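To keep things clear, I will list the structure first and then write my remarks on it.
So you know, we letter chains A, B, ... as the sequences are listed, proteins then strands, and number each from 1. Note that the coordinates shown come from a computational prediction; the quantities given were computed from them, not determined experimentally.
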Amino acid sequence: MSDADPGVLEELRRAGVNRGDLVALAVAPGIGLGMATPDGSLSVAFAVDDPSGVVHLIERALRPRWVMWSNETAAILANAGVRVATSWDIAAVRRLLFGGWRADPACVWAQLHDLTLDTIPKIAPPDLFNQFDDDTRDPADPDGPLRRDGHLSPEWVNGGWRESPERLGRWAQLASVVVTRQQIALAELRDSPAAAATARSESAAELLCAELSIDGLPMDRTVAEELVADIIGPRPRSDAEAAEQRAARDIEVLRHAPLGAGADLRSPGQVKSLLRGIGIEVPDTRAWRLETMRDAHPLIGALLAWRKAERFATTYGYAWIDEHLAGDSRLRGTWTGSDGAAGRMTASAGLHNMPADMRVAVIADPGHVFVRADLGQIEPRVLAAVSGDRALARATVEDDMYAPVAQQLGVDRATAKVAVLGAMYGQTTGHGAHALRRLESAYPVAMSYLADADLAAQGSRALRTYGGRLIPMGTTNANEMSERDARGQAAARGRYGRNALVQGAAAEFFKLWAVTVRARGATVNARIVLCLHDELLVHAPADHGDAVGQLLADCLQEAAHRWAPDNSVRFVADISVIRRWSDAKD
DNA sequence: TGCGGCTATTG
DNA sequence: CACAATAGCCGCAG
């Protein structure tokens with residue numbers, strides 16, 4: 001650790017930095033570190049090999065809220081083993097305020113300074129453009145981060161900010177300017193009083209994402225490979241052998257076809273022709289459709305089995321294991337805190353859509369357990385909370401809220417469930433239509449909340465979730481399509497908007513729960529290893545298994561109280577302590 | 001080579 | 001077979 005450390009801590013103290021105060025941070029390993037406070041009381045920059053070490057020191061002494069341009073900073077810290085408690089993630093807050101996906105510094109800066117996004121300068125080819133570049137520079141500060149037109153310099157944005165300690169200091173200063181403007185913008189959202197709280201939990205979720213990407217999901221390679229072998233056979237030793245296995249799988253289906261009828265089973269069109277050859281006419285060849293005609297011809301069953309094997313061969317086979325499962329028995333993907341639409345967490349490497357069969361290979365380390373918890377009926381409970389429907393809220397006192405809803409509607413439970421889900425997804429036709437009318441009279445507040453969202457989205461008007469996240473509604477070019485198509489598109493937007501408010505609020509609540517668990521679990525070495533929309537998988541020392549289970553339940557109540565302070569809606573979770581993910585009962 | 005369509009998996 | 005996502009392969013346009 002550098003000699004500068006005690007000094008910098010003193011400087012923060014002198015500047016009056018306390019627990020939870022905003023301190024903007026820019027780090028570049030091997031170069032240095034810059035820090036600044038929004039009120040200008042502190043601005044430091046110095047060279048240091050391991051900036052994360054300095055951050056760690058300050059974190060232990062003061063625990064400020066670290067302002068970061070994006071979770072790249074969180075990743076640098078976490079890679080160095082430094083896990084800060086709280087942050088203000090500028091990119092995450094930008095997505096909250098303005099929706100969409102783009103959140104790079106140039107874009108954030110422009111938007112908060114009322115500059116149009118299409119005037120953002122792009123990086124120029126070095127030799128061609130240098131002569132013109134001078135025109136845009138600020139004569140008083142030619143190498144500075146700001147251009148005369150107010151935009152950030154593309155040279156700075158594209159890595160120039162980390163070239164020297166001085167530049168890191170200025171980069172942190174700019175971040176501290178941005179955070180103040182973001183706070184003002186959040187406060188101006190009068191219809192979304194929760195927005196500032198959402199900004200903090202979404203920021204913490206970015207810290208969690210950086211850690212999830214680094215930690216990975218415990219997975220036993222031997223068990224995973226055995227499972228793959230059971231389904232598609234042993235690992236091929238050459239490309240030729242792989243092709244042989246592939247052909248052998250194809251034969252198992254094609255031997256049921258009329259003599260000479262060949263088809264590429266990977267081509268939906270050719271499969272349709274193949275089926276026509278055995279007297280089966282279908283609009284598409286999806287599994288649920290073929291399942292209903294399994295008895296019609298032995299080829300159908302063979303084809304469905306082929307599909308399952310093919311899925312493992314192409315997506316979750318040996319190549320997937322080799323690419324994503326590291327030597328330390330961790331399956332790693334890249335996590336993002338908020339997708340473009342409704343704000344759910346997403347992950348690559350198939351972490352969110354891994355076949356359930358693969359869960360047998362997700363095994364806790366020796367001496368450890370998984371504590372798994374999944375929220376029960378999260379979307380209808382969230383609907384009750386965000387719409388403020390007292391009648392629907394009363395139903396949430398039950399573990400199974402569909403039971404009282406069914407009683408209220410005078411229908412059976414299955415019908416009630418389909419009706420509620422249909423209302424949230426926008427189904428207006430078919431079997432659900434009758435029960436939907438009953439729903440409207442029993443829960444008018446919740447149903448009109450959904451209908452309003454539907455109507456606004458149909459009119460391409462942007463929406464905000466309960467937590468304040470903007471759901472932008474793209475306008476489609478209606479004069480390029482028929483009247484019928486235009487109506488279909490509007491209806492699709494309506495369904496999308498209706499669902500986005502429920503799914504989006506549920507995602508925000510889930511993240512608040514997750515970051516609460518992250519904060520409280522640290523003291524017993526409990527680490528979240530998977531977030532699955534309404535389910536948390538926590539890896540913890542076996543001795544603490546039951547305590548962590550209780551902690552997950554406590555954190556849920558804490559999150560519920562902070563998120564919807566009137567406590568009218570009850571949230572429930574199913575919690576179990578297990579050694580393998582597949583041991584959880586569903 | 002890029003992209004829309006189809007398919008499968010998860011919540 | 002509604003809402004969301006990631007991911008692979010095929011077929012077609014350029």
Open item on the list: What is the separation between atom CZ on A/Arg372 and atom P on B/dT10, rounded to the nearest whole Å?
Closed with: 14 Å
Task: Touch class at under 4.0 angstrom, heavy-atom based, for A/Ala342 against every strand present - done: nothing
TODO: Check every strand shown and say whether A/Arg495 touches a base, only sugar-phosphate, or nothing at a heavy-atom separation below 4.0 Å.
DONE: sugar-phosphate
Open item on the list: Need one value for A/Ala349: base, sugar-phosphate or nothing, where a base atom within 4.0 Å counts as base even if backbone is also close, heavy atoms only.
Closed with: sugar-phosphate
Task: salt bridge (charged side-chain N to carboxylate O under 4.0 Å, His left out) partners of A/Arg579, counting only residues at least two apart - done: none
- [ ] Assign A/Tyr496 to base, sugar-phosphate, or nothing according to its heavy-atom contacts below 4.0 angstrom with the strands shown.
- [x] sugar-phosphate
Task: DNA chain C: 5'-proximal contact among A/Ala492 and A/Thr315 (nearest heavy atom) - done: A/Ala492
Task: Nucleic acid contacts of residues 214-251 of chain A, taken as heavy-atom distances under 4.0 Å to DNA chain B - done: none
Task: Touch class at under 4.0 angstrom, heavy-atom based, for A/Ala347 against every strand present - done: sugar-phosphate
Open item on the list: Whether A/Glu558 and A/Arg520 form a salt bridge (side-chain N of Lys/Arg under 4.0 Å from carboxylate O of Asp/Glu) is what I want to check.
Closed with: yes
Task: A/Tyr402 versus A/Asp412, side-chain donor and acceptor atoms under 3.5 Å - done: no
Task: Interatomic distance, A/Lys272 NZ vs B/dT7 C1' [rounded to whole Å] - done: 13 Å
Task: Nucleotide B/dG4, atom P - distance to CG of A/Asp284 in whole Å - done: 21 Å
Open item on the list: Distance alone, cut at 3.5 Å: any donor-acceptor contact between the side chains of A/Glu508 and A/Ser201?
Closed with: no
- [ ] Send over the distance from A/Leu265 CG to B/dC6 C1', rounded to a whole Å.
- [x] 15 Å
Task: Rounded distance (Å) that lies between atom P of B/dC6 and atom CG of A/Leu274 - done: 19 Å
- [ ] Give one of base, sugar-phosphate or nothing for A/Met424, where a contact means two heavy atoms less than 4.0 Å apart.
- [x] nothing
Task: Cationic N near anionic O, under 4.0 Å, A/Asp250 to A/Arg266 - done: yes
- [ ] Determine the contact category for A/Arg266: base if any of its heavy atoms lies under 4.0 Å from a base atom, sugar-phosphate if only primed atoms, P, OP1 or OP2 are that close, otherwise nothing.
- [x] sugar-phosphate
Open item on the list: Reading DNA chain C in the 5' to 3' direction, which nucleotide is the first one with an atom under 4.0 Å from a heavy atom of chain A, and which is the last?
Closed with: C/dC1 to C/dG11
- [ ] Would you check if there is a donor-acceptor pair between the side chains of A/Thr285 and A/Arg307 at a distance under 3.5 Å?
- [x] yes
Open item on the list: Checking side-chain polar atoms at under 3.5 Å, does A/Gln458 have a donor or acceptor matched by the opposite partner on A/Asp454?
Closed with: yes
Open item on the list: Whole angstroms only, please: what is the CD-C1' distance between A/Gln503 and B/dG11?
Closed with: 8 Å
Open item on the list: Salt bridge check, A/Asp357 against A/Lys308: does any charged N sit closer than 4.0 Å to a carboxylate O?
Closed with: yes
- [ ] May I ask you to say what A/Glu310 touches in the nucleic acid, namely base, sugar-phosphate or nothing, with a heavy-atom cut-off under 4.0 Å?
- [x] nothing
Open item on the list: Distance check needed: B/dA8 P versus A/Met358 CE, whole Å only.
Closed with: 18 Å
Open item on the list: Tell me whether A/Arg294 is salt-bridged to A/Glu291, with the criterion being a basic N under 4.0 Å from an acidic carboxylate O.
Closed with: yes
Task: Rounded distance in Å - NE2 (A/His352) to P (B/dT9) - done: 18 Å
Open item on the list: Under 3.5 Å, is there a donor on one side chain and an acceptor on the other for A/Ser338 and A/Arg469?
Closed with: yes
- [ ] Select base, sugar-phosphate, or nothing to describe what A/Arg307 touches, counting heavy atoms under 4.0 Å on all strands.
- [x] sugar-phosphate
